[in-house]
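Quantities reported herein were computed from a predicted structural model and do not represent experimental measurements. Keep in mind that the numbers below use all heavy atoms, side chains included, and drop hydrogens, waters and symmetry copies.
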Amino acid sequence: MPGAQKTKLLVDSIQDQGMNQVYIIGRDGTQRVVSVINEEIRRHGLKFAVAGMPKTIDNYIPVILLSFGFDSAIEEAQRAKITAHVEFDSIENGLGLMKLMSRYSGYIAMYTTLASRDVDCCLILELPLHLEAPGGPFDYIEKRLKENRHTVIVIAKGAGQQKELEAPSMHNF
């Protein structure tokens, strides 16, 4: 099996270099590799540690308060939101729509909205979305347009797709 051979070569290289700690930063695929490396270390009774440090700008890992890159993603989204607000405030019935990335969660969209006074509506994939329902997003957006002459909407990619969402579990890492 080529994967097992590569893992053994990596573990041998770490040992040959005299390292006693290795930190690997990455998303869920990287964390699975860390797990495989640690199994190889245990199997051979070696005396060094390999630790995985989760990194995802989406901040969707349940046991991590803030992941690397999340703050930067929010800062960049804020810049884009400010631009959208200025643009759409200057025209009658201006409708600014910001679609922000998401993988398993709408955290970037939600935090961008919470950090702003200029977002009128935030749509995230964790909640079912019924656009035309009475009192739903379309009604609210229409009301905001009448009141303010413009509106800014932040939407997480995947919002409204109404699929069953499953949060990543720790055994996936």
Side-chain angles (χ1 to χ4, degrees), residues 22-37 50-173:
V22 175
Y23 299 91
I24 301 175
I25 301 170
R27 291 188 351 190
D28 52 346
T30 303
Q31 300 311 311
R32 283 191 287 277
V33 170
V34 170
S35 179
V36 170
I37 292 169
V50 175
M53 298 175 70
K55 175 187 175 284
T56 169
I57 67 169
D58 291 331
N59 206 44
Y60 64 83
I61 301 171
V63 296
I64 303 298
L65 181 61
L66 287 174
S67 182
F68 294 112
F70 183 64
D71 285 340
S72 299
I74 300 305
E75 286 176 26
E76 289 304 313
Q78 281 298 317
R79 286 188 188 113
K81 188 270 317 158
I82 290 166
T83 301
H85 183 258
V86 169
E87 281 293 317
F88 295 102
D89 185 29
S90 65
I91 59 173
E92 184 79 27
N93 290 324
L95 179 65
L97 179 63
M98 284 185 57
K99 185 175 184 181
L100 297 174
M101 66 167 292
S102 55
R103 185 170 184 197
Y104 296 115
S105 73
Y107 287 139
I108 294 174
M110 180 178 67
Y111 275 71
T112 298
T113 299
L114 290 172
S116 169
R117 291 180 290 147
D118 303 326
V119 175
D120 297 300
C121 185
C122 178
L123 308 174
I124 58 175
L125 59 148
E126 288 86 349
L127 299 172
L129 182 58
H130 307 286
L131 293 174
E132 298 180 31
F138 281 176
D139 284 353
Y140 181 75
I141 291 164
E142 184 177 15
K143 176 184 171 203
R144 294 301 292 172
L145 280 170
K146 287 177 184 171
E147 292 172 356
N148 292 346
R149 296 184 24 236
H150 74 282
T151 189
V152 176
I153 303 164
V154 171
I155 183 167
K157 184 177 91 179
Q161 292 183 4
Q162 308 298 26
K163 60 184 176 188
E164 200 58 40
L165 296 174
E166 180 182 323
S169 64
M170 289 312 294
H171 72 273
N172 289 337
F173 295 98

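Ser67 contributes a side-chain N or O that, together with a main-chain N or O of Thr56, makes up a donor-acceptor pair within less than 3.5 Å. When atom types are taken as modelled, the side chain of Ser116 and the backbone of Thr113 share no donor-acceptor pair closer than 3.5 angstrom. Between the side chain of Thr151 and the main chain of Leu95, no donor-acceptor pair closer than 3.5 Å is present. Looking at Ser35, its side chain never comes within 3.5 Å of a backbone N or O of Gln31 through a donor-acceptor pair.
Using a 4.5 Å heavy-atom threshold, the side chains of Pro137 and Leu129 count as touching. In this structure, Ile108 and Phe70 have side chains that are in contact, with non-hydrogen atoms separated by less than 4.5 Å. No side-chain heavy atom of Asp89 sits less than 4.5 Å from a side-chain heavy atom of Asp118.
Atom CD of Glu132 has 12 or fewer heavy atoms from other residues, nucleotides or ligands within 6.0 Å.
Rounding to the nearest 0.5 Å places OH of Tyr107 at 12.0 Å from CD1 of Ile74. Here Ile24 contributes atom CD1 and Lys55 contributes atom NZ; the two are 14.5 Å apart, rounded to the nearest 0.5 Å. Considering CD of Glu142 and CG of Leu145, their distance stands at 8.0 Å, rounded to 0.5 Å. Distance CG/Leu100 to OG1/Thr112: 5.0 Å, rounded to 0.5 Å. Rounding to the nearest 0.5 angstrom, the gap separating the CG atom in Asn93 from the CZ atom in Arg149 is 8.5 Å. Taken to the nearest 0.5 Å, the CE atom of Met110 stands 12.0 Å off from the OG atom of Ser102.
Between His150 and Ile91 the shortest heavy-atom distance is CB-O, 4.5 Å. Counting all heavy atoms, side chain and backbone alike, Ala109 lies closest to Cys122 at O-SG, 3.7 Å. Shown here for Met98 and Ala77, the closest heavy-atom pair between the two residues is CE-O, 3.5 Å. The two residues Ile155 and Ala159 come nearest to each other via the heavy atoms CG1-CB, 3.8 Å. Between Leu125 and Gly106 the shortest heavy-atom distance is CD2-N, 3.7 Å. Nearest heavy-atom pair across Tyr111 and Gln78 is O-NE2, 4.5 Å.
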Query - Check against side-chain contact (heavy atoms from CB on, under 4.5 Å), Asp120 and Ile153 - result: CA-CA 6 Å; Asp120 297 300; Ile153 303 164; 5.7 Å; no
